[in-house]
Amino acid sequence: MVLGARVISKVALLSARRLFARDSSNKLFVGGLSYDTNESILREAFSAHGVVTQVRVICDRRSGKSKGFGFVQFSQESEAATALQQMDQQLLEGRNIRVCYANKE
DNA sequence: AGTGAGCGA
């Protein structure tokens with residue numbers, strides 16, 4: 001039946017979003033960071049749009065140098081949503097950063 | 001690799 005197929009594909013999409021990209025979350029992926037941008041700088045910039053509950057800049061384990069991307073988590077999804085709008089493509093430490101919703105870990 | 005898309009031990 002058509003209705004049955006629609007329900008199945010809907011369920012498939014929903015479960016896929018649990019594993020991969022999200023269209024709404026309180027956690028953001030931040031790419032395009034300067035290699036000099038640390039977690040303090042990142043927190044400072046994003047806390048203008050809400051309560052930041054966690055910040056992380058991914059660094060190489062051996063060199064300790066930033067990989068140029070990180071994650072920012074807010075206390076509310078609404079805060080993440082506005083931060084995403086306001087911070088995407090904004091200049092930070094000389095680089096235009098890219099903000100998206102984070103994928104599932 | 002003093003580099004530039006991506007998704008974390």
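Every chain is numbered from 1, with letters handed out A, B, ... down the list of sequences.
- Mapping A:V30 and A:I58 onto DNA chain B by nearest heavy atom places A:V30 closer to the 5' end of the strand.
- Atom NZ of A:K65 is separated from atom P of B:dG8 by 21 Å (rounded to the nearest Å).
- Linking ILVMFWY residues whenever their side-chain heavy atoms come closer than 4.5 Å, directly or via other members, leaves A:F71 and A:I97 in distinct clusters.
- Spacing between atom CG of A:D60 and atom C1' of B:dA9 amounts to 13 Å, rounded to whole angstrom units.
- Taking atom CG on A:N96 and atom P on B:dA5, their separation rounds to 13 Å, with Å as the unit.
- Between A:F69 and A:F29, the ring-plane angle classifies as tilted under the 30° and 60° cut-offs.
- The CG-C1' distance, from A:D36 to B:dG4, rounds to 14 Å in whole Å.
- Stacking annotation: A:F71 is stacked on the base of B:dG8 (ring centroids less than 5.5 angstrom apart, interplanar angle below 30 degrees).
- The separation between A:Q89 atom CD and B:dA5 atom P is 12 Å, rounded to whole Å.
- Nearest-nucleotide positions on DNA chain B place A:Y35 closer to the 5' end than the other of A:Y35 and A:R61.
- In this structure a side-chain-to-backbone donor-acceptor pair under 3.5 Å is missing from A:D60 to A:K65.
- Here A:K27 lies in heavy-atom contact (under 4.0 Å) with a base.
- A:Q73 comes within contact range of no nucleotide atom at all, as no heavy-atom separation falls under 4.0 Å.
- Of the candidate nucleotides B:dC7, B:dG6, B:dA9, B:dG6 has the atom lying nearest to any side-chain atom of A:R98.
- Across all non-hydrogen atoms, the minimal contact from A:S34 to A:S66 is O-OG, 4.4 Å.
- Straight-line distance from the CG atom of A:D88 to the C1' atom of B:dC7: 15 Å, rounded to whole Å.
- Counting only distance, with no hydrogens or angles, the side chain of A:N26 and the backbone of A:Q73 share no donor-acceptor pair below 3.5 Å.
- One interatomic measurement links the two molecules: CD of A:E105 to P of B:dA9, which rounds to 9 Å at whole-angstrom precision.
- Note on A:R95: a base of the nucleic acid sits closer than 4.0 angstrom, heavy atoms only.
- For B:dG8, the base is not stacked against the aromatic ring of A:F29, per a cut-off of 5.5 Å between centres and 30° between planes.
- Within 4.0 Å (heavy atoms only), A:L33 reaches at least one base atom of the nucleic acid.
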